[in-house]
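As the structure is a prediction and not an experimental result, all values here were calculated from the model. Reminder, nothing fancy here: chain letters follow the sequence lines and each chain counts from 1.
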There are 2 protein chains.
Amino acid sequence: MKWERDGREVKKVTGFDVARRAGVSQPTVSRALRNLPGTSPETRERVLRAAAELSYIASDSARSLSTQSTRRIAVVSEELTNPYYPELVEPLRRRLAEHDLRTVVITDSEHRAVGIDVLADGSYDGVILTTCERRSSLPRDLTERGIPHVLVNRVLDVAESPSCSVDNVGGTAAIVELVADLGHRTVGAVLGPVTTSTGRERAEALRAGLRARGIRLRRDMVRRTSFGHDPGRNAAHDLLRRSDRPTAIVCGNDVIALGVLSAARERGISVPEQLTVVGFDDIPMASWPIIDLTTVRCDLDALARTAVELLHAEPARPGLAPVERRIPVSLVLRRTHGPAPA
Amino acid sequence: MKWERDGREVKKVTGFDVARRAGVSQPTVSRALRNLPGTSPETRERVLRAAAELSYIASDSARSLSTQSTRRIAVVSEELTNPYYPELVEPLRRRLAEHDLRTVVITDSEHRAVGIDVLADGSYDGVILTTCERRSSLPRDLTERGIPHVLVNRVLDVAESPSCSVDNVGGTAAIVELVADLGHRTVGAVLGPVTTSTGRERAEALRAGLRARGIRLRRDMVRRTSFGHDPGRNAAHDLLRRSDRPTAIVCGNDVIALGVLSAARERGISVPEQLTVVGFDDIPMASWPIIDLTTVRCDLDALARTAVELLHAEPARPGLAPVERRIPVSLVLRRTHGPAPA
DNA sequence: CGTTGACAAGTATACGTATGCAATCGAGTG
DNA sequence: CACTCGATTGCATACGTATACTTGTCAACG
């Protein structure tokens, strides 16, 4: 897949070409272009001009090979079509850029399995995992290879790597309080996958919270699905079909909640009069007037800042528990919640 | 940012380490691991075992430097938070994977300007541009450097590089027909930025189409905004505030349309009874029952397939017009359109 | 038994940049 | 004037993989 131009193949301009043109040596070019000391102003000037004339761009492979560092961080997100993740990528990119690190997004929604071989071939100085499952071996592999990494928004069953995630327990507690205070007694839930810490933590906090308020969360009122609109919608139909249908449905995240709203709409169940729906994440969409979803917000910029901070911190030591930060959340009251119907 | 383990820095395993362990030379390791001819089955076996025992992963920088190729394609998308783009990335990734090419997403929503230096430092064998503006110099720069690339979903003012995009003219024509047939005579529009080909093509096709049907598109009934919910919403408020407000609003894309729907909701204007709204792109959200947006669909997989095809095709020759493919579209009738109110 | 050839595996080197070290030059100093 | 020191620049080499070329081995064949 080499392209040609004017019939001849375009040859890459190297530091030697620049050196020849400027009448200096290649190392001098290297030093001049990076403003290292030990180059006279005139020489630097000549080099800069030659480099500009030749449109020289230093080979990243060669530099990486030589310096053993790439100044590049991989952000792994296997669910890029879930609006939450692009929203998370941007602040991460901004924060990384502040440290002069380039961001590269790696995704694979198909097999949901970006391999260690892709991440540990020396292409990246660090890895940020945003969609890691509870028992993923990726963090351990990265640790063994000495590659700096952080889990964002997810944690492992056996904490092994630094992580920062949202306060799922606190957020869910706020939801429970809201739902209980509104008088709901028949509560349903469409929660995220058991394989994810987000799905699991929110589920457990919900069960525990409701129990503490004397509300039973019946097993058959709970559905677990993947984090998507259609799965949420299907699950909600299951719950809303029944005669003793719930008056409130707590959702694993906002996208699921949107699916629940869709199901309610299809069944002619009005929200919030007949059904309360609460999400989690506060994706931008949730605040749109056509949606106006009551949900839990987390400051993604704080999450990103912490993640980048941890990436630079000391790595996990065998034996020592790794750093595990939690970002606080807050309930956002909009218009999908209301008092339980009589 | 080098991590340590057990107090000692982790040293990278190289092909020489594997060679020593297997009792062969480094080139033999290289050949064995890639199944090249010229290695006996027993030797290959020994090498594979040694490599596995050491968890060897070949350095990508070194390989790239040596082979002058990376098997990696950069997908540049400067508006990843616009749901259309993640949706486009996935089929691209899948198609590229079929050619044994790895996909890397480059984004920069902040300055909307991924530079040539990032793309032409030898890190990528090719570039797919999805958010290129009409006068961007990136395509020309890439051409001059002999880097294979394709514009997807966008074209340049002066076609310079291969591109494939959706049939904006045909799609808009279908919208015009629908709106006209429904009897709308006071038509408004919230269109995309003039700096994008999508924004411009759809705008021109709309003007021309309406004129052909004898419908005037008044200048003060048209707003141009960036492709986002809030801009769309603000613009729609402008249009809907007036006493002679439009009975139909044609939108630059779906996200803008959602903003228009939000504005209508806020003003208590019911859709589709009092207002018809039509989008463009058919993002997944558009088909959700809570939205149910009438819009124009494009087969993203076809778009992606064509893009990857063009990436492998002959590059643009100076003087010759580059390939410019169009993917057909189809109108999707949902529930945001209706007859013009009396 | 010598020759030839196929195959396996090692040797040498290219790829392009960064950097430790040596060399050169000029100025300042005793 | 010899000497020192600092500044500037070149030289040599490392980084890790791929590959052209060479060497060595063994079997087939005349």
Side-chain angles (χ1 to χ4, degrees), chain A residues 2 9-48 50-51 54-72 117 120-125 145, chain B residues 2 9-48 50-51 54-72 117 120-125 145:
Chain A
K2 276 265 165 58
E9 195 162 290
V10 180
K11 222 191 64 222
K12 203 176 174 324
V13 176
T14 76
F16 288 97
D17 300 325
V18 176
R20 191 166 346 109
R21 179 161 199 134
V24 297
S25 69
Q26 175 268 324
T28 298
V29 171
S30 172
R31 284 185 284 249
L33 291 183
R34 289 178 303 144
N35 277 322
L36 290 188
T39 317
S40 72
E42 310 84 61
T43 305
R44 189 195 315 285
E45 184 51 41
R46 270 215 317 285
V47 171
L48 287 179
L54 296 175
S55 304
Y56 170 65
I57 295 180
S59 155
D60 190 69
S61 311
R63 179 192 299 124
S64 298
L65 182 58
S66 183
T67 62
Q68 300 287 79
S69 99
T70 63
R71 309 294 307 161
R72 220 184 290 137
D117 50 333
D121 64 2
S123 299
Y124 310 105
D125 281 359
R145 294 190 140 77
Chain B
K2 277 264 164 61
E9 192 162 294
V10 180
K11 223 192 63 225
K12 201 173 175 326
V13 176
T14 76
F16 288 97
D17 300 325
V18 177
R20 192 169 342 111
R21 178 156 200 140
V24 297
S25 69
Q26 175 268 325
T28 298
V29 171
S30 172
R31 285 185 285 247
L33 292 182
R34 288 179 304 143
N35 278 323
L36 289 189
T39 316
S40 72
E42 310 85 61
T43 306
R44 189 196 315 286
E45 184 52 41
R46 272 215 317 284
V47 170
L48 287 180
L54 296 175
S55 305
Y56 171 66
I57 295 179
S59 156
D60 189 68
S61 311
R63 179 191 299 123
S64 299
L65 182 60
S66 183
T67 63
Q68 301 286 78
S69 101
T70 63
R71 310 294 308 161
R72 222 184 289 138
D117 50 333
D121 64 3
S123 298
Y124 310 104
D125 282 358
R145 294 190 141 79

| note | OG1 of B:T70 to CG of B:L65, rounded to nearest 0.5 Å, is 12.0 Å
| said: For a 4.5 angstrom cut-off between non-hydrogen side-chain atoms, does A:R31 reach A:P27? | reply: yes
| Interatomic distance, B:R71 CZ vs D:dT17 C1' [rounded to whole Å] | 16 Å
| message | If I take atom CZ in residue A:F16 and atom C1' in nucleotide D:dA12, what distance separates them, rounded to the nearest angstrom? | response | 11 Å
| field | Side chain of A:L65 (C-beta onward), nearest among D:dT17, C:dT17, D:dC15 | value | D:dC15
| said: Rounded to whole Å, please give me the gap between CG in A:N35 and P in C:dA18. | reply: 13 Å
| query | Just how far is it from atom CG of A:L36 to atom OG of A:S30, taken to the nearest 0.5 Å? | reply | 6.5 Å
| query | Could you give the CZ-to-C1' distance, from A:R63 to D:dG16, as a whole number of Å? | reply | 17 Å
| How long is the gap from OG on B:S61 to CD on A:Q68, to the nearest 0.5 Å? | 8.0 Å
| said: Rounding to an integer number of Å, can you tell me how far B:K12 NZ sits from D:dA14 P? | reply: 19 Å
| message | It should be established whether B:S66 places a side-chain nitrogen or oxygen under 4.0 Å from OP1 or OP2 of nucleotide C:dA14. | response | no
| query | Expressed in angstrom and rounded to an integer, what is the separation of B:D60 atom CG from D:dT17 atom P? | reply | 10 Å
| said: Less than 4.0 angstrom between a side-chain N/O of A:T67 and OP1 or OP2 of C:dA18, yes or no? | reply: no
| Straight-line distance of B:K12 NZ to B:D17 CG, nearest 0.5 Å | 9.5 Å
What are the atom names and distances for every N/O pair under 3.5 Å that joins the protein to nucleotides 6-11 of chain D?
from   : atom 1 : to    : atom 2 : distance (Å)
D:dT9  : OP1    : A:S40 : OG     : 3.1
D:dT9  : OP1    : A:T43 : OG1    : 2.2
D:dT9  : OP2    : A:S40 : N      : 2.8
D:dT9  : OP2    : A:T43 : OG1    : 3.4
D:dG10 : OP1    : A:S25 : N      : 3.4
D:dG10 : OP2    : A:S25 : N      : 3.0
D:dG10 : OP2    : A:S25 : OG     : 2.7
D:dG10 : OP2    : A:T28 : OG1    : 2.4
D:dG10 : N7     : A:R31 : NH2    : 2.9
D:dG10 : O6     : A:R31 : NH1    : 3.3

| query | Nearest-Å distance, CG (B:L36) to P (D:dA18)? | reply | 9 Å
| query | Atom CG of A:D121 and atom CZ of B:R63: how far apart are they, to the nearest 0.5 Å? | reply | 7.0 Å
| query | Can you give one letter per nucleotide of nucleotides 22-28 of chain C, 5' to 3': B if a protein heavy atom sits under 4.0 Å from the base, S if only from the sugar-phosphate, - if neither? | reply | -------
| said: Between B:S66 (side chain only) and B:A62 (backbone N and O only), is there a donor and an acceptor less than 3.5 Å apart? | reply: no
| Rounded distance in Å - CG (B:L33) to P (C:dA9) | 14 Å
| said: Could you tell me if the side chain of B:V47 sits less than 4.5 Å from the side chain of B:R44, heavy atoms only? | reply: no
| Taking the side chain from A:D125 and the backbone from A:R71, do they hold a donor-acceptor pair closer than 3.5 Å? | yes
